[in-house]
Amino acid sequence: MQLENQKVFIENERVHLTLHQFNILWMLLKRKGDIVPRSEIIKTVWEGVFVEERTCDCHVSKLNKAIKEANIKVNGWAGNGYIAMLKSN
């Protein structure tokens, strides 16, 4: 990840993410191994803007599709948060 210009690369190929997807991924990777509550993701990523929980879920789903070739996956946790985890082989 290149934070300064918000770019993500997988095996030297650029992965095109929206700003929200990038921010969600960065937030989860900073807290690797921790469950991050959906409400915290919404508050941080959509700062000051009201969004439905489903909006966050849709962005995470699209994020997972975009990073499918990476060795990480964003998993939902008990319906209330997300965690970035290594994929099992």
Side-chain angles (χ1 to χ4, degrees):
M1 289 183 83
Q2 295 179 356
L3 297 179
E4 61 280 347
N5 52 15
Q6 300 173 329
K7 293 181 181 176
V8 174
F9 294 87
I10 299 173
E11 297 181 8
N12 295 321
E13 294 287 327
R14 180 157 181 218
V15 177
H16 296 280
L17 301 178
T18 67
L19 179 59
H20 294 312
Q21 292 166 354
F22 180 89
N23 288 336
I24 291 168
L25 180 60
W26 175 238
M27 184 176 189
L28 293 171
L29 290 177
K30 284 192 310 187
R31 308 237 330 244
K32 183 176 59 177
D34 293 338
I35 299 166
V36 181
R38 183 186 288 115
S39 59
E40 185 178 333
I41 294 170
I42 290 170
K43 182 179 177 183
T44 303
V45 173
W46 286 272
E47 187 177 351
V49 177
F50 174 79
V51 296
E52 297 285 339
E53 289 183 350
R54 188 68 188 128
T55 300
C56 181
D57 299 341
C58 288
H59 277 81
V60 169
S61 176
K62 290 177 182 177
L63 170 61
N64 271 325
K65 288 177 186 172
I67 63 170
K68 67 181 178 245
E69 300 302 321
N71 65 344
I72 60 167
K73 182 174 185 348
V74 177
N75 288 325
W77 199 266
N80 63 10
Y82 290 97
I83 185 170
M85 302 178 72
L86 291 175
K87 290 181 182 176
S88 57
N89 292 332

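The analysis underlying the following values was restricted to heavy atoms, covering all of them including side chains, and did not include hydrogens, waters or symmetry mates.
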Exercise. Cluster question for you: counting only ILVMFWY and a side-chain heavy-atom cut-off of under 4.5 Å, with indirect links fine, are Leu86 and Ile35 together?
Worked result: no
Problem set entry | Asn75 side-chain N/O to Ile83 backbone N/O, donor-acceptor pair under 3.5 Å | no
Exercise. If you look at every heavy atom in Val36 and Ile41, which pair is closest and at what distance?
Worked result: CG1-CG1, 3.6 Å
Problem set entry | Over all atoms of both residues, closest heavy-atom pair of Tyr82 and Gly76 | CD2-CA, 3.6 Å
Exercise. Hey, is CH2 on Trp46 packed in by over 12 heavy atoms from elsewhere, all under 6.0 Å?
Worked result: yes
Exercise. Which pair of non-hydrogen atoms, one from Ala84 and one from Leu29, has the smallest distance, and what is that distance?
Worked result: CB-CD2, 4.2 Å
For this session: Mind checking the NZ-CG spacing from Lys62 to Asp57? Nearest 0.5 Å is all I need.
Result: 12.0 Å
For this session: Kindly compute the distance separating NZ (Lys43) from SG (Cys56), expressed to the nearest 0.5 Å.
Result: 14.5 Å
Problem set entry | Any Leu63 side-chain heavy atom under 4.5 Å of Leu25 side chain | yes
For this session: Taking Glu40 for its side chain and Pro37 for its backbone only, find out whether a donor-acceptor pair lies under 3.5 Å.
Result: no
For this session: Establish whether Val60 and Met85 are linked, either directly or via other cluster members, by ILVMFWY side-chain heavy-atom contacts under 4.5 Å.
Result: no
Problem set entry | Single-linkage hydrophobic cluster, 4.5 Å side-chain cutoff, Ile24 and Phe50 together | no
Seminar exercise, completed: What one should report as the nearest heavy-atom pair of His16 and Ala66 is O-CB, 4.4 Å
Exercise. Can you hop from Val45 to Val49 via hydrophobic side chains spaced under 4.5 Å?
Worked result: yes
Seminar exercise, completed: Separation between SG (Cys58) and CD (Glu52), nearest 0.5 Å, reads 11.0 Å
For this session: For the pair Gln21 and Ile67, evaluate side-chain contact (heavy atoms from CB on, under 4.5 Å) and give the outcome as yes or no after the intermediate values.
Result: CA-CA 10 Å; Gln21 292 166 354; Ile67 63 170; over 6 Å; no
Seminar exercise, completed: Closest non-hydrogen contact found for Glu53 with Ile42 is CA-CD1, 3.9 Å
Problem set entry | Non-hydrogen atoms of Thr18 and His59 that approach each other most closely | OG1-CD2, 4.1 Å
